[in-house]
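Here the structure comes first, spelled out in structure tokens, and everything after it is commentary.
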Amino acid sequence: MTRLMQVDYLVIGAGVAGLRAAIELAQQGEVLVVTKEAVAESNTHYAQGGIAVAMQGDEDIALHLQDTLGAGDGLVHRPAAQVLVAEGPLRVAELIQWGANFDRENGQLHRTREGAHSLPRILHANGDATGAEISRSLAVFAAAHERVHFAEWTTVTALLLASTPQANRVAAADLLDRDNCLQRVSARAVLVAAGGAGQVYSDTTNPSVATGDGIALAACAGAALADMEFYQFHPTALSLPGAPRFLLSEALRGEGAYLLNDRGERFMHRYHPLLELAPRDVVARAITRESMGKAPGETRLVHLDMRHKRGLDLHHRFPGISATLAKYGLDLARDLIPIRPAAHYLMGGIKTDLDGRTTLPGLFAAGEAACTGVHGANRLASNSLLEGLVFGARAARAMLAGDLPLTPSTAALAAPLSLSAAEHAQIEQIVARLQTAMWTYAGLLREESTLRQGLAVQQECAAALATLAAGKSSRRLVEALALSRVARAILLSALARTESRGAHYRNDYPQHDDARFLRHSLLVGDSVTFEAW
Ligand code: SIN
């Protein structure tokens, strides 16, 4: 069965950016929030450490700006960072008013520290479940609004353009529900807030929904992507055979955790004066280097050590992490915890201005799916939840101001054929191959030859997926196609940036090349250019 419908505003994604935008948009129209699973299942939900915000006046704001610029390794778009740190306090105060409960000590908000922050400014909730609290409070507040509607377990398969006298503009989207029914929704404006793409790598802290769908949808529709070579690898994910790469929050190091090599020695003094609280890209590469054995392929264990902090009541401060570690017989107060880096956050994404406008009229983006340049080449810890709040609200205001007309679509929709179990098994094999190739060839340390090998695998995966996709659709197929497209964007952008900067490290070009590359990469189709903004 297929259906046609229209709303004023379509929001793709129910993480912090999408929910914050929906609340704003509901002031003026009917909003449909589409999400692939239940509203609670987003990357936002899994954010542990906290939300960085400078709530203690101008000096605090100036330092937050300085830290954000510093972590971004020369490439932060300063106006975006200024907006982030200046509007952040208001957005967080509003969130508290709407019901978010951050942890307090003696009635005052408790602030902690993380890597590359010059002072403690990270708010947290329920110890290490900050994202879940933000997601819960925003979802409750949004759902109370009669103009906000949710389409859960629904996948967006395409963005559709309508011609206007001025230009093509995004005017509708096709949605696939859990019964594989296709529905076309027209909207005055569409916001992509569908998060990141950690699933493009075999090792990731991201949940299974983080497949870069929003980025791929925008790119397919013709929008420009920016800075796709900059993928942040979180330094400390749990490293146990057969266990997922569970995130061990940077807040652990904020509370004093050490990193130890296989000889039981701290090593960060050899890499950065801020030691374990150096910027994430530096710590992640240091761990990778310390874990390399003498023979190719040989690995050495690196551990996180909090045993000297057992007086902090670690189980109370980090209840979620403690509970997960207990499942593996590990205890922060007693044991060394084996760790390794894992893909965590995409600094790049759909290129937007400071109000979420993409290069396509009618299409907006916010949060991890977007690239305002606010994080430059490496995001400062705990700036992402703040980004979602600030730029989600701004994008919504720009959508309201756009006052675009509805252009209801009358096209008949062909119901897609379902894929067989054997075809779905094939998709899983292709995805696994792509993820392993991306980790091996486009991970923390890259070079021309590895990136080209990655591109060859991606091309084979894309061809195999195209064959499966003929006349057929399913959520998993849409995700696999998105992963392939995002992988290609990362590989092409990483090949073009022949220097090392932030999270993008090229063994064959280990230095900065400011003269050529103090610029953002821009990807349209398969073509990469560099622009200063
Ligand atoms: C963490 O808790 O370490 C993750 C927070 C972030 O990615 O900023």
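Note that ligands are numbered from 1 as they come in the structure, with each ligand's atoms numbered from 1 the same way. Predicted, not measured: the structure shown is a model, and the values here were computed from it. Every heavy atom of this structure was used, including side-chain atoms; hydrogens, water molecules and symmetry mates were not.
- Listed by number with element, the atoms of ligand 1 under 4.0 Å from a non-hydrogen atom of Glu250 are 1 (C), 2 (O), 3 (O).
- Looking at Gln232 against ligand 1, nothing comes within 4.0 Å, counting heavy atoms.
- In summary, the aromatic rings of Phe230 and His375 are positioned with their centroids too far apart to meet the 6.0 Å limit.
- Looking only at distances, a side-chain donor or acceptor of Arg446 sits under 3.5 Å from a matching main-chain atom of Ala442.
- With respect to the salt-bridge test (charged N to carboxylate O, under 4.0 angstrom), the residues Arg394 and Asp353 do not qualify.
- Set against the non-hydrogen atoms of Gly49, the atoms of ligand 1 under 4.0 Å away are 1 (C), 2 (O).
- Distances between N or O atoms of Ser249 and those of ligand 1 include at least one value under 3.5 Å.
- Interface atoms of ligand 1 facing Arg379, defined by a heavy-atom separation under 4.0 Å, are 6 (C), 7 (O), 8 (O).
- In summary, the atoms of ligand 1 found under 4.0 Å from a heavy atom of Ser382, numbered by their order in the structure, are 6 (C), 8 (O).
- Heavy-atom proximity to Arg280, at under 4.0 Å, picks out these atoms of ligand 1: 1 (C), 3 (O), 4 (C), 5 (C), 6 (C), 7 (O), 8 (O).
- Because its NZ or CZ atom is both nearer than 6.0 Å to the ring centre of Tyr505 and within 45° of the ring axis, Arg289 counts as a cation-pi partner of that residue.
- Salt bridge Arg317/Glu255: present, at least one basic N to carboxylate O contact under 4.0 Å.
- Distance alone, capped at 3.5 Å, is enough to place a donor-acceptor pair between the His504 side chain and the Glu499 backbone.
- Interface atoms of ligand 1 facing Ala381, defined by a heavy-atom separation under 4.0 Å, are 8 (O).
- Here Tyr201 and Phe233 bring their ring centres to under 6.0 angstrom of each other.
- Within the structure, ligand 1 lacks His124 among the residues with a heavy atom less than 4.0 angstrom away.
- When only non-hydrogen protein atoms are considered, atom 7 (O) of ligand 1 lies nearest to His344 NE2, 2.6 Å.
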